[in-house]
Amino acid sequence: MTVLSEDVLKEIVSVRKKYPEATGAVMPALYIVQREFGYLSFDAYEVVSNALNLPRTIVKGVGTFYAMYRHEPAGRNLIQLCTNVSCMILGAERLVDFLKNKYGLEPGGTTTDKRFSLMIMECIGACGTAPAMLVNDDLHENLSEKSIEDILEKYK
């Protein structure tokens, strides 16, 4: 059973107070739990359900609908590579192939050493400096194969 710390429970209660209906707090509450554990386990839905006093089916429905929630443990560093129009035109698909070949990293997968996980994103709002990616919370723009290699060296 997933057990949340007192601080995490307080954060979820604080988020709940920002919304007139508990359903409005489901997505941020799931983010909080995902941040804490790295992914959403079956138990995580139960914990959020109890914290927000909502049926588990509602919480699980939200958590399984959106692609930004992970359902398996991720690597230490999460790469979110944008492949939307601007990034695609400027070579994002080539960069996906680079990540596959250089790091053995498939979209949705994790390297064997658990150093990186890769998610393909539809848009991260950096069209003017495409192609772009996030590594954890850090934005990296104007990417090339060489710059990705240099960037990823910094994330151990």
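Applying the side chain to side chain contact (heavy atoms under 4.5 Å, CB included) test to Asp150 and every residue at least two apart in sequence or in another chain returns Lys146. For Ser147, the side chain to side chain donor-acceptor pair (under 3.5 Å) partners two or more places apart in sequence, or in a different chain, are Ser144. With sequence neighbours excluded, no residue satisfies side chain to side chain donor-acceptor pair (under 3.5 Å) with Thr23. Among residues two or more places apart in sequence or in another chain, the salt bridge (charged side-chain N to carboxylate O under 4.0 Å, His left out) test is passed with Arg76 by none. With sequence neighbours excluded, the residues satisfying side chain to side chain contact (heavy atoms under 4.5 Å, CB included) with Pro73 are Tyr39. Residues forming a ring pair (Phe, Tyr, Trp, His ring centres under 6.0 Å) with Tyr31 (at least two apart in sequence, or on another chain): Tyr69. Residues satisfying the salt bridge (charged side-chain N to carboxylate O under 4.0 Å, His left out) test with Lys10, not counting sequence neighbours, are none. Applying the ring pair (Phe, Tyr, Trp, His ring centres under 6.0 Å) test to Phe98 and every residue at least two apart in sequence or in another chain returns nothing. Scored by the side chain to side chain donor-acceptor pair (under 3.5 Å) test, Glu153 finds Lys156 as partners (sequence neighbours excluded). Shown here are the side chain to side chain donor-acceptor pair (under 3.5 Å) partners of Asp97, two or more places apart in sequence or in another chain: there are none. Residues forming a side chain to side chain contact (heavy atoms under 4.5 Å, CB included) with Thr64 (at least two apart in sequence, or on another chain): Tyr45, Lys60, His71.
Residues Met27 and Leu9 fall within the same hydrophobic cluster, defined by Ile, Leu, Val, Met, Phe, Trp and Tyr side chains chained together at heavy-atom separations under 4.5 Å. Under a hydrophobic-cluster definition in which Ile, Leu, Val, Met, Phe, Trp and Tyr are linked whenever side-chain heavy atoms come within less than 4.5 Å, directly or via other members, Leu52 and Val8 are assigned to the same cluster. A continuous path of hydrophobic side-chain contacts links Tyr66 to Leu54 [ILVMFWY only; heavy atoms under 4.5 Å]. When the side chains of ILVMFWY residues are joined at heavy-atom separations under 4.5 Å, either directly or via intervening members, Leu30 and Tyr19 end up in a single hydrophobic cluster. Hydrophobic clustering (ILVMFWY, side-chain heavy atoms < 4.5 Å, transitive): Val96 and Leu90 are in distinct clusters.
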- Task: I would like to know whether Leu95 and Leu99 meet side chain to side chain contact (heavy atoms under 4.5 Å, CB included); could you show each step before the answer?
- Result: CA-CA 6 Å; Leu95 298 176; Leu99 290 168; 5.6 Å; no
- Might you work through the side chain to side chain contact (heavy atoms under 4.5 Å, CB included) test for Met133 and Ile148, ending with a clear yes or no? CA-CA 9 Å; Met133 70 178 182; Ile148 285 180; 4.1 Å; yes
- Task: Start with the C-alpha gap between Leu81 and Met119, add the side-chain angles, then the distance that decides, and say whether side chain to side chain contact (heavy atoms under 4.5 Å, CB included) holds.
- Result: CA-CA 6 Å; Leu81 181 66; Met119 287 182 64; over 6 Å; no
- Task: Could you please spell out the steps behind the side chain to side chain contact (heavy atoms under 4.5 Å, CB included) verdict for Val48 and Ile32?
- Result: CA-CA 10 Å; Val48 172; Ile32 292 166; over 6 Å; no
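Panel note: side chain Thr111, backbone Leu105; no donor-acceptor pair is recorded below 3.5 Å. Judged purely by atom type and a 3.5 angstrom limit, Glu93 has no side-chain atom pairing as donor or acceptor with the backbone of Thr83.
Of the N and O atoms on the side chains of Asp7 and Ser5, not one donor lies less than 3.5 Å from an acceptor on the other residue.
The two residues Ile120 and Pro107 come nearest to each other via the heavy atoms CG1-CB, 3.6 Å. Ser49 approaches Pro55 most closely through the heavy-atom pair OG-C, 3.6 Å. Between Ala44 and Val33 the shortest heavy-atom distance is CB-CG1, 3.7 Å. In plain terms, the two heavy atoms of Cys82 and Cys123 that are nearest each other are SG-CA, 3.6 Å.
The residues Arg94 and Glu145 are annotated as salt-bridged, a charged nitrogen and a carboxylate oxygen being separated by less than 4.0 angstrom.
The one candidate from Arg16, Arg35, Lys18 that meets the salt bridge (charged side-chain N to carboxylate O under 4.0 Å, His left out) condition with Glu11 is Arg35.
Heavy atoms of other residues, nucleotides or ligands lying less than 6.0 angstrom from CG of Asn53 number 12 at most.
In this structure, the side chains of Arg70 and Leu40 stay at 4.5 Å or more apart for every pair of heavy atoms. By the 4.5 Å heavy-atom criterion applied to side chains, Ile79 and Leu152 are counted as neighbours.
Under the side-chain hydrogen bond (donor to acceptor under 3.5 Å, both in side chains) criterion, the residue pairs touching residues 115-141 are Asn77-Asn136, Thr110-Ser117, Thr129-Glu141, Asp138-Tyr155, His140-Tyr155, with sequence neighbours excluded.
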